[in-house]
Amino acid sequence: MRNDAQGTPPAPPADQEPAPRSDRKGIAADVGASLVVFLVAVPLALGIAVAAGAPLTAGIIAAAVGGIVAGLVGGSAVQVSGPSVGLTIIVADLIATYGWQVTCLITLLAGLVQLALGAFRIARAALAVSPAVVHGMLAGVGITIALAQLHVVLGGEPQSSALANLTDLPDQIVHNHTPAVAVGVVTIAVMFCWARLPGFGRFRPALVPAALVAVGAATLIATLGRWEVETISLTDSLSQGWIGPALPAAGQWNGVMLAVVTVAMVASVETLLSAIAVDRLHSGRRVMLNRELCGQGAANAVSGALGGLPIAGGMVRSTAGVRAGGHSPLFTILHGVWVLVFVALFAHVVELIPMAALAALLVFIGVQMVSVAHLRDLRRHHEAGVYLVTLSGVVLLGLLEGVFLGFALAMIVSLRRLTRLTVTTEERGGRVHITVHGSLTFLGVPRLAHVLRTVPAGAAVDLDLHVDFMDHAAFEAIHAWRVDHERTGGSVDIDEVHERWYERSTLRSAPAAKTAPRGLARWWAPWGMRGGAGPEEVNPLGLLAAGAREYHASTADRMRSVMSRLSHGQNPTALFITCADSRVVPNLITASGPGDLFTVRNVGNLVPPPDSPGDDSVGAAVEYAVALLRVPSIVVCGHSHCGAMKALLEGAHLDPDSTDTSHMRRWLSHGSAGLVRASERAGELAGLPTAEALRRLAQANVRQQLAHLMLHPLVRERVESGELELTGMYYDLETARVHLLDAATGEFTPVRGVHDVADPVPRPRPADDPGQPLEESSGASSRPSS
């Protein structure tokens, strides 16, 4: 579904149109969803603040501002913003380097950068980052957070790096603090099991957020058991806990500006990817990306000014809200209000939460950020390496270093794909045939040069270049080899199938960029419309040979597996009788492939009656198709501007003096009945415009040939038994549209769409065994092939 950067979302389907905001049920659903998201957001915000080493009030401020400001200004109907798990490592590093107040300034400035990006309408540019890099970054962040918070669960202190946390973990496990471990185990166990519990009557455990239940259960057990564990410590009020932004020292501005760009970019990419993903969960208004980026920028600016954490859109909160029935920004805004109200009125309850419970919550979320489903999907797209390199870099080296490594590898992989080159060589007929596919750049020159060096001296070489780009290095390599090979007595025939890069580089400047085939495709266009030689230079045999070479270069390899299955026999869907006119291409106008149509072509698409003397070729084809191939359908296809119909209309079949066309005159006599039918149906054709008279005659001729088919006893028998169906078709050359004969009205109606007119030609018949593989069913055919 299209997300318009200008903010014009497509209208939702009528049956899925969201309820108006004034609707009471819609408001009630948003209020309920806001409570669910609030219950998820509070422990998550506190946990992220703890993991980042920020004041706990900073997480609360970010959760409230993310809900209220981003909800009011943003462009997503259902995305919920708040403190970001993906930014935790960056914030922790910034706090350690510059202190909390400068980190608040960085958050504020990053919000202003996001506002500028949204105002300049370049939100989609942030989506240019490979998903493999983003998912790898988030997975690396998840592992890093999980390793660090696992020490807190064990009652210790996290180390400065993921490697240090990993190496120190065995000692921490040996000397763990039992109450903290118990709290952590309870929290993780509830998080893991809660959504998997069966329902009790109408109550479904999944309706209550697992994070709330886990933290609440751990808090209740620790409080009632009077366990000696470290708990959250809030100030008496948010106002007393406020610590605003401050300017950095004079020598820190370069690092601060780099940090501003980093926070803005990571938050923007995470937000926009999350917004697009959340759009798949609802049927309401689509996200307006630039406006959403402005909303996130405003929220970060306000959060930084008030002393809050950086903000980004998050899948956990957003998914919880949508599944709880939220369908408008109202539930996002209300969840921010509930956060403020709860902390203001129930701060003493928050101070009962054990730190180990929040740490265990982050351990669970961090492990979940390593998504096996994402890895499996990226592996199918051959990008698992980028994901793993990014993940490893983030864990071992740091966030920026890991993202840089992943981005660099993604660029290398993309460059390799864009410049992929295939070089094949074979010997046939005493000539060496070399085919080059792809983009021929300096990266592919070594491979091509290696193949060219294997060509024996003095050999005759056909070099087919099917390339969409050739740089100067590639041209020089080919040209130098050609000159040397011809100097030693060999010959080189270069055929450029796609674009004349070599020729243009030899004579004048080559195109500056990659080229695409002319039009949507090339194979269906006539030779004369593909450029190259003018009409006076046409060599029919050369065109056929060039066409065969293009087929070998671009299609034969793809066709080989199909044709190998069809080589043992044929099982066509229809006997297709049409005119020999060069402008009518049966497979093109029916979108059929090899083995679909048993085709008969003759002048005027005529079917002589079975008792008529003369040519028996059509009768033989009818008998072969019906008796041996047992086709379920016969199609007779006429067309506009038919030369045979024009000859009939002019009476050429009645001219006894035409000795040069005696065979054609005798053949056209089989169409005289169609001329009579057209005159009886439309009156005198002579008074009509030529094009209209030819149209009526061609269509009447199709009807007449269908009547001739019914004179064949076998055809009549199969039609009457329901085993065979006869169909009339008419192809209009000027509009390139196909018309089908309506059996009820006797008129030809245009095929306007696959849903408008039922296709009278049956689909290919399945094998007797529905589960039989295609290779076996086609290969086991016992029918003869022609």
Side-chain angles (χ1 to χ4, degrees), residues 569-580 586 590 592 595-638 644-645 648 653 663-681 697-730 740-748 758-765 768 781-786:
Q570 58 175 322
N571 187 25
T573 298
L575 166 61
F576 197 88
I577 303 173
T578 190
C579 186
T590 60
S592 54
D596 291 335
L597 301 180
F598 187 74
T599 306
V600 173
R601 305 191 64 163
N602 58 52
V603 176
N605 47 273
L606 302 179
V607 181
D611 56 352
S612 60
D615 193 348
D616 290 330
S617 61
V618 178
V622 170
E623 291 175 354
Y624 188 88
V626 176
L628 299 181
L629 298 180
R630 302 186 68 85
V631 294
S633 176
I634 299 179
V635 179
V636 178
C637 179
M645 296 302 102
L648 272 175
H653 61 295
H663 290 286
M664 187 181 71
R665 178 166 49 83
R666 287 196 298 271
W667 174 254
L668 286 178
S669 63
H670 298 304
S672 57
L675 183 60
V676 174
R677 177 186 284 260
S679 300
E680 292 175 349
R681 186 181 182 90
L697 177 56
Q699 293 181 353
N701 180 63
V702 170
R703 299 185 188 95
Q704 184 61 44
Q705 305 316 311
L706 292 174
H708 286 174
L709 280 169
M710 288 296 290
L711 298 177
H712 288 259
L714 182 59
V715 172
R716 175 179 291 275
E717 176 187 342
R718 294 287 169 82
V719 170
E720 291 176 348
S721 66
E723 298 178 59
L724 181 64
E725 185 174 10
L726 305 186
T727 301
M729 183 180 288
Y730 174 79
L740 294 176
L741 179 61
D742 188 333
T745 64
E747 299 294 336
F748 284 85
D759 184 3
V761 181
R763 297 292 182 185
R765 289 162 289 176
D768 294 336
S781 174
S782 60
R783 296 181 185 176
S785 58
S786 59

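Counting from 1, the numbers follow the sequence of the chain as shown.
- Here the side chains of Trp667 and Val603 are in contact, with some heavy-atom distance below 4.5 Å.
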(request) Just do the side-chain contact (heavy atoms from CB on, under 4.5 Å) check on Leu606 and Val618 with the steps written out, would you? (result) CA-CA 8 Å; Leu606 302 179; Val618 178; over 6 Å; no
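- Taking both residues in full, the closest heavy atoms of Pro572 and Pro632 are given as O-CD, 4.1 Å, listed atom of the first, atom of the second, then distance.
- Distance OG1/Thr573 to CG/Leu597: 7.5 Å, rounded to 0.5 Å.
- Separation of atoms CD1 (Ile577) and CZ (Arg601) is listed at 13.0 Å; rounding is to 0.5 Å.
- Evaluation of the side chain to side chain contact (heavy atoms under 4.5 Å, CB included) rule for Leu711 yields Pro609, Pro610, His708 as partners, not counting sequence neighbours.
- Atom CZ of residue Arg703 and atom CZ of residue Phe748 lie 5.0 Å apart, to the nearest 0.5 angstrom.
- Considering all non-hydrogen atoms of both residues, Ala700 and Arg677 come closest at O-CD, 3.4 Å.
- Val702 has its side chain out of reach of Gln705: every pair of non-hydrogen atoms, C-beta onward, lies at least 4.5 Å apart.
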(request) Let me see the working for Leu741 and Leu706 under side-chain contact (heavy atoms from CB on, under 4.5 Å), right down to the final yes or no. (result) CA-CA 11 Å; Leu741 179 61; Leu706 292 174; 3.7 Å; yes
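- Rounding to the nearest 0.5 angstrom, the gap separating the CD atom in Glu717 from the NE2 atom in His712 is 14.0 Å.
- Nearest heavy atom pair, residue Ala621 against residue Val600, reads CB-CG2, 3.4 Å.
- Side chains of Asn605 and Cys579 form a contact here, defined as non-hydrogen atoms less than 4.5 Å apart.
- Taking 4.5 Å as the limit, every side-chain heavy atom of Thr590 sits out of range of all side-chain heavy atoms of Val635.
- At a threshold of 4.5 Å between non-hydrogen side-chain atoms, the residues Leu724 and Ile634 count as touching.
- Side chain of Asn701 to backbone of Gly604: a donor-acceptor contact under 3.5 angstrom is found.
- Gly671 approaches Leu648 most closely through the heavy-atom pair O-CD1, 3.6 Å.
- Side-chain contact check for Leu714 versus Glu623: every heavy-atom pair is 4.5 Å or farther apart.
- Asp616 pairs by the side chain to side chain contact (heavy atoms under 4.5 Å, CB included) definition with nothing, not counting sequence neighbours.
- When atom types are taken as modelled, the side chain of Glu723 and the backbone of Arg718 share no donor-acceptor pair closer than 3.5 angstrom.
- In this structure, the salt bridge (Lys or Arg N to Asp or Glu O under 4.0 Å) partners of Arg716, at least two apart in sequence or on a different chain, are Glu720.
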